[in-house]
Amino acid sequence: MDAKQRRLVQEFRAISSVSESVAAQFLRRTNWNVETALNEYFGSGTYQEESRRAPQADPAKITAAFNKFKEEGTDVIGPDGMQRLCDELRVDPTDPVMLVLAWKLHASVSCEFSRAEWNEGLTRLGVDSVEKLRGKIPDLRADLANPVTFKEIYSFSHKYSREKTQRSLPIELATGLWHLLLDGKWAKMDLWFEFLQQRRIQSITQDQWDMFLEFTHAINDDFSNYDAEGAWPVILDEFVEYYHKKTAPQATATATQ
Amino acid sequence: MINLCAFYHKGAPRNPLAVKWSGRWHSLVYQGVSYTMSKAAASKPPGRPGQMTLEDGWAKLEATIHRLEDDVEHGMQRTFTSLDFANNYSVAFTLCTTLQNSTPELYNRYKQQLAKYCQEVVLVDIRKNHGEQLLECLYRRWEKYKLLGKILNCIFQYLDRFYTQRDRYTVNRAGADNPLPLKDLADSLFKVHVFDGIKDQVNGIILQFIRREREGEMVDRNMLKSAVEVFIVMGQNKLTLYETDFETIFLRDTAGYYKRLSQQWIATDSCPEYLTKCEDRIAQEMLRVDAYLHSTSGPKLNAVMNKELLAAHVTRLIEMENSGALALLHQNKSDDLARMYRMVSRLDDKDGVLPMCRYMKDHVIQIGLAAVAEQGKVQAADVAAFVDRLLEIQAKYTELVSKAFQKNQHFEQALKEAMAEFVNKQTDKNTTAQLIAVYVDEYLKEKAGQASEQEIDHRFDELLMLLHHYVERDLFQEFYRKQLAKRLLMGSTLNEDAEKSFVLKLKQKYGAAFTNRLEGMLTDHTMAGELQSDFNEHVQDPAHDIGGLGMEVLVLTQGYWPAYKFEDIGLPALMTNAMEKFKEFYCQRKKNRILTWIHTLGTASVNGKFSSRAAPVEIQVTTYQAVVLLLFNNGAALTRQQVCAETRLPPKEVDRLLTSLFAHKKYAVLKKSTEEDEIDEADTFTFNRELPVKTRHLKIPGATRLRDEEVAGVKKEVLQDRKYVIEAVIVRIMKARQRLTHAELVAEVIEQLKNFKPDNKMIKSRIEDLITRLYLKRDETNQNLYHYLA
């Protein structure tokens, strides 16, 4: 997307309040004409679904809920408020579903919801109380299971978790997130962590982060279809190399036995 | 040329048919005759036709033919008058015109008569001879036969005009045996009845002569030429007959001959001997074509020679031990190599030229690597000798390629690859970049002073050629910059024109970006002189007095010059004052500039009074040394501690400076309180007034050459620079193209980077970095596609 297209996406979202990718999807389908795209969207099943899911939410109640958790003297729900919110939602703060919630709210700062994020987010979800929000949790879990939304949540988690002035995520945070999101989903996870430690990798960029998920999807577990001449980040080249170096002597050893 | 001249002239009706001829087989002129004849026939209509029968008429004509056969036999001694001609013509004419159906019959009888003549007279006569005589006889008979044919053509001209011609062109008798025009008929009869019967024999004779000539005998080439030409003439001037009946056999014979010969040679001769013979023989055969064969045989003969003499043995020749390509290269036999090239280049490149190329490449690499290994062994690498050796190798093989191998592109390429192979081979300690830079440095400092402009120019060109084989030219540039800076700062350059010319050459070859900083440095240096004289004038004014201190300042533009250490050092008031004055002066002239003093590069002259000399001695030192030395001006005895405090320099640096001032006997301007070389806390130093000084100047040595840590620094800087260069190139490309796949982008980046070869990983890392910094982004669906972000 170039700058102009990005602006069109923003325009589209301002009216429809859908995610960036959905907006882009409709715009692309209508050759970047916002008006036609919006017409199409409101006539589409996506909208029907959204509007069904978003019954009238009372702005006053939403604000009340916000005030309940907000930090004294600020206009955000901070770590402390977040903990209380989790308690009331009856989810663990380290539950990945909280990431989905942050994603839904378009939260920009880790462990923080601003008033605007809260208000707009809850309106979009069509809930105006913590109880109703709790009722949404299964939906949010479903997003985690859906590969398309998972990819977005995964990518979002990097941006969300890093310091706003930074472009990359410290390795401890990245490792934690990976555990949270990918544990049990990919066979070579342990090897990956071992590699990161061996090479003393300090941080992970957004690109490395995104491409890693791509890598776990596209590449066989024995890396046989990996193309080092391709556009994979260097860190993945080195990882595959690391794997081959590690497994090669073993392979010959078993062969001689 | 045969001249059938002027019978039946108006003014000379009694002229006999006078025929003169002289010796060639072709280029006959007889059109004129037939033209005159037809006029004669037309202007003199036949007499009364009467009731002539075919038999009567033919009897007359047959008699005439016999008579003419006889005449020709005796060299046209007897007379055949125009009246005779006219009568006979009229008979033939009458037969054709009155007895319509007799024309074919007349034609047949004529044909039979001529055939009989061929068989019974001509062939029989020729067969009486052998060898050379046979060829001569054939030649003679053919000439006579042609003459006879010509006269008969005239007599029977009516046939040609109204029978053979008409039938040929107007009557469609497809498939039938069309009657030939009389001239062609005569030729074909000769071919069928005479030539076909003896051509194998003739062929054999010619080939035998050729073989004898090949063995060194002298033969009559004209006779051979005539004999060969018979084949061409018999083929109606088409080459089919020559090709099938002579050339093919000749070529086969030649092939056999040289096959045998080459096997004899290859068994005994060395490669150059063989090829010399080969070249001679090929030249001889080509002369043969010129002398007596048809020119179209040239290429074919050439091909046979190439095949039998060269193609059959080329591999063995090139690989021949002790005298093959490799041996000749080792022995520097450029003439023999040139001949080898001349010979093998006659073949397909893959048979001769490319194997030779491989040998040359291997040989040059071997020599080059030997030189590199040699250089690695010598401890204090003798830079000049090593680079000289590389230059020598380069010059030698460049000349070989251009002279012996006629600048063949395969050889040029092979040499290039070979040079690149070892020029890029790094010895453990030094990179070639550094060695070349040091070489140029030494050359400019030591030799460029005496050498002539052409010599310098030539040497520079050679060096640049050598450098061109080197991949990491940016590394060279960095080393060179460091060296240039030193030369300029130390004032050790002897030849400023040479400096400029070298940089200019670099610029021409690698572009302005490559030499930007070098040029900037040279400009700074040039400007400095002007600035200095202005400043000298400036300080004449008492208001700007700098206390009689002679001060020279070189203003360097940051960015062009290598990064130097700025160190805080406690300077004497005299110097700080002068520096302030200069700053004032400079900032007046150039606005908005910040001056920073780099004392590490400074030098100073200090006058010292020694007891050994009456006059003061000029001590030449670095600024640092001077600062330390001046502390002792009042005769003080100072410890290291005190020197550190005064100069604000770290102890390690002070140790180094003190050591340089006392350790060497000859230059010991300071005296240490104890004898040991090690400096102890308690040791004190004083000025060494008793130092025996023999000259008016005393130059105390300071470090001049790039040291090891500097070298490592250079590499680091260059690697860092490369990152920027690659990024700049990526951004430039992506800006122009907007979107590119990974492979395309990498290919373009490599294509654009001329001064070093980045590896894939390096480029990839840069791309990733640019993605992180939001210059680029990956396509949402195709991760191999990048978009440029404006």
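Chain letters run A, B, ... following the sequence lines, proteins first, then strands; residues in each count from 1. Everything quoted here is computed from the prediction, not taken from an experiment.
- With a 4.5 Å cut-off on non-hydrogen atoms, N784(B) touches chain A through its backbone and its side chain both.
- Between K761(B) and E241(A), none of the side-chain N atoms (NZ, or NE/NH1/NH2) sits under 4.0 Å from a carboxylate O, so this pair counts as no salt bridge.
- Within 6.0 Å of CD in E35(A) there are 12 or fewer heavy atoms belonging to other residues, nucleotides or ligands.
- Atom-to-atom distance recorded for E780(B):CD and R28(A):CZ is 5.0 Å, nearest 0.5 angstrom.
- Chain B is approached within less than 4.5 Å, heavy atom to heavy atom, by T205(A), D207(A), Q208(A), M211(A), E214(A) from residues 178-217 of chain A, ordered by number.
- Residues of residues 762-775 of chain B placed with any heavy atom under 4.5 Å of a heavy atom in chain A are listed by number as K764(B), S765(B), E768(B), I771(B), T772(B), R773(B).
- Proximity to chain B at a heavy-atom threshold of 4.5 Å picks out K151(A), R167(A) from residues 145-177 of chain A, in numerical order.
- Contact residues of residues 223-233 of chain A toward chain B are A228(A), E229(A), G230(A), A231(A), W232(A), P233(A) (heavy-atom distance under 4.5 Å).
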